[in-house]
Student: 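One structure coming up, written as structure tokens, with questions to follow.
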Amino acid sequence: MKKHIAVRLKSYYHAEAGFSHNGATVINGALEKRDPALRNITEELYNQGMAFDVDDCSLFWFQIEDDKPASFYSTFNEVELAFESDWLEEQKSRMRSMGGNMYYNACAEIARSFNLKDQSREIQYRLPTRAA
């Protein structure tokens, strides 16, 4: 199953190690830079109070693939949001004919459906270590 995941990391390059540690493959990164809907959703999340940095970790969007449900990743402190990629594609197809403010408002409605985690939390970010 493919998932979209917004994760807090010190560096974009740390994602591969973290996801592969959990048996997932990174398909795409920096999705918000290429996907207008996701960019608008992210902007609205910031408008709703999502912090740009949490515990010195920035937000990065990835599409990953594995056999776990998105809810598995939602439990991780580093993960801000996780949902099935198919769900986002359904939302985008619903909005395809919209333009301008209607399109942005539809994206904002999606963003409002998410519950943000505590934005003052500690990430306690650690790279996986090899057993000695």
Side-chain angles (χ1 to χ4, degrees):
M1 288 184 281
K2 293 180 183 174
K3 294 159 224 39
H4 277 60
I5 298 189
V7 62
R8 298 285 184 176
L9 300 169
K10 299 248 184 223
S11 168
Y12 171 88
Y13 299 102
H14 292 161
E16 187 72 38
F19 287 123
S20 65
H21 181 71
N22 285 298
T25 302
V26 175
I27 297 171
N28 264 313
L31 297 174
E32 72 284 3
K33 294 180 181 180
R34 295 185 307 275
D35 185 328
L38 195 56
R39 184 172 44 249
N40 288 341
I41 290 167
T42 304
E43 183 178 321
E44 182 59 28
L45 289 168
Y46 287 128
N47 290 340
Q48 292 178 40
M50 185 173 70
F52 285 95
D53 292 309
V54 172
D55 196 19
D56 294 324
C57 293
S58 299
L59 186 75
F60 299 96
W61 280 98
F62 293 92
Q63 185 180 42
I64 64 167
E65 186 170 25
D66 64 11
D67 59 352
K68 296 174 182 75
S71 59
F72 170 82
Y73 290 97
S74 296
T75 63
F76 287 88
N77 198 35
E78 297 89 348
V79 174
E80 201 68 59
L81 296 168
F83 48 82
E84 306 298 332
S85 296
D86 286 346
W87 174 81
L88 182 61
E89 290 306 314
E90 288 172 16
Q91 301 305 308
K92 289 181 346 185
S93 69
R94 178 179 63 85
M95 301 182 308
R96 271 197 223 304
S97 63
M98 297 177 188
N101 278 344
M102 283 182 62
Y103 185 84
Y104 185 85
N105 289 338
C107 292
E109 181 182 323
I110 292 169
R112 285 190 292 274
S113 73
F114 296 122
N115 292 319
L116 295 176
K117 291 184 176 180
D118 178 3
Q119 298 298 290
S120 62
R121 71 190 186 277
E122 291 184 10
I123 297 297
Q124 300 175 347
Y125 174 75
R126 293 180 196 88
L127 287 173
T129 56
R130 217 178 241 152

Student: What's the spacing between Ile64 CD1 and Thr25 OG1 if we round to 0.5 Å?
Tutor: 8.5 Å
Student: So, does Asp53 use its side chain to make a donor-acceptor pair with the main chain of Asp56 at under 3.5 Å?
Tutor: no
Student: So, Asp55 side chain and Ile123 main chain: donor-acceptor pair closer than 3.5 Å or not?
Tutor: yes
Student: Can you tell me if CG on Asn115 sees more than 12 non-hydrogen neighbours from other groups inside 6.0 Å?
Tutor: no
Student: May I have the step-by-step check of side-chain contact (heavy atoms from CB on, under 4.5 Å) for Asn22 and Phe72, ending in yes or no?
Tutor: CA-CA 10 Å; Asn22 285 298; Phe72 170 82; 4.0 Å; yes
Student: Heavy-atom distance under 4.5 Å between the side chains of Pro36 and Tyr103, does that happen here?
Tutor: yes
Student: Salt bridge or not between Lys3 and Asp66? Use side-chain N to carboxylate O under 4.0 Å.
Tutor: yes
Student: Considering non-hydrogen atoms only, spot the tightest contact between Ala70 and Ala82 and give its length.
Tutor: O-CB, 3.6 Å
Student: I'd like to know if the side chain of Asn77 and the backbone of Glu122 have a donor-acceptor N/O pair within less than 3.5 Å.
Tutor: yes
Student: Under a 3.5 Å distance rule, please check whether Arg112 uses its side chain to pair with a backbone N or O of Glu44 as donor and acceptor.
Tutor: no
Student: When hydrophobic residues are tied together by side-chain contacts of less than 4.5 Å, even through go-betweens, does Tyr73 share a cluster with Leu31?
Tutor: no
Student: Taking all non-hydrogen atoms of both residues, which atom of Met98 and which atom of Ala106 are closest, and how far apart?
Tutor: SD-CB, 3.7 Å
Student: To the nearest 0.5 Å, what is the distance between CZ (Phe83) and CD1 (Ile110)?
Tutor: 8.5 Å
Student: Could you tell me whether a side-chain N or O of Glu65 sits under 3.5 Å from a main-chain N or O of Gln63, the two making a donor and an acceptor?
Tutor: no
Student: I'd like to know whether the aromatic ring centres of Tyr12 and Phe62 sit less than 6.0 Å apart in this structure.
Tutor: yes
Student: Are Tyr46 and Val7 connected, step by step, through hydrophobic side chains (Ile, Leu, Val, Met, Phe, Trp, Tyr) whose heavy atoms are closer than 4.5 Å?
Tutor: no
Student: Kindly give the heavy-atom pair with the smallest separation between His4 and Ser85, and that separation in Å.
Tutor: ND1-OG, 2.7 Å
Student: Are Lys92 and Glu89 within salt-bridge range, i.e. N to O under 4.0 Å?
Tutor: yes
Student: Rounded to the nearest 0.5 Å, what's the gap from NZ on Lys33 to OG1 on Thr42? Could you check?
Tutor: 11.5 Å
Student: In plain terms, say whether Glu78 and Arg121 are close enough for a salt bridge, that is, a side-chain N and a carboxylate O under 4.0 Å apart.
Tutor: no
Student: Rounded to the nearest 0.5 Å, how far apart are CE of Met95 and CD of Glu109?
Tutor: 9.5 Å
Student: Within this structure, what is the CD1-CZ distance for the pair Ile5 and Phe19, rounded to the nearest 0.5 Å?
Tutor: 4.5 Å
Student: When you measure from the side chain of Asp118 to the backbone N and O of Ser120, does any donor-acceptor pair fall under 3.5 Å?
Tutor: yes
Student: To the nearest 0.5 Å, how far apart are CZ in Arg39 and CZ in Arg34?
Tutor: 11.0 Å
Student: Do Leu9 and Val79 sit in the same hydrophobic cluster, where Ile, Leu, Val, Met, Phe, Trp and Tyr count as joined when their side-chain heavy atoms come under 4.5 Å apart?
Tutor: yes
Student: Glu84 vs Lys2, test: side-chain contact (heavy atoms from CB on, under 4.5 Å). Steps then yes/no.
Tutor: CA-CA 6 Å; Glu84 306 298 332; Lys2 293 180 183 174; over 6 Å; no
Student: Would you confirm whether Gln119, through its side chain, and Ala51, through its main-chain N or O, come within 3.5 Å as a donor-acceptor pair?
Tutor: yes
Student: Can you hop from Met1 to Phe76 via hydrophobic side chains spaced under 4.5 Å?
Tutor: no
Student: Does the side-chain contact (heavy atoms from CB on, under 4.5 Å) test come out yes or no for Leu81 and Trp61, once each step is laid out?
Tutor: CA-CA 9 Å; Leu81 296 168; Trp61 280 98; 4.1 Å; yes
Student: Can you tell me if Met102 has over 12 outside heavy atoms packed within less than 6.0 Å of its CE?
Tutor: no
Student: Does any N or O in the side chain of Glu16 come within less than 3.5 Å of the main-chain N or O of Val26, such that one atom is a donor and the other an acceptor?
Tutor: no
Student: Given Arg8 and Glu80, is the salt bridge (Lys or Arg N to Asp or Glu O under 4.0 Å) satisfied, shown in steps?
Tutor: CA-CA 7 Å; Arg8 298 285 184 176; Glu80 201 68 59; 2.8 Å; yes
Student: Minimum heavy-atom separation for Ala6 and Leu59, please, with both atom names.
Tutor: CB-CD1, 3.7 Å
Student: With a 3.5 Å distance limit and no angle check, can you tell me whether Asn105 reaches the backbone of Asn101 through a side-chain donor-acceptor pair?
Tutor: yes
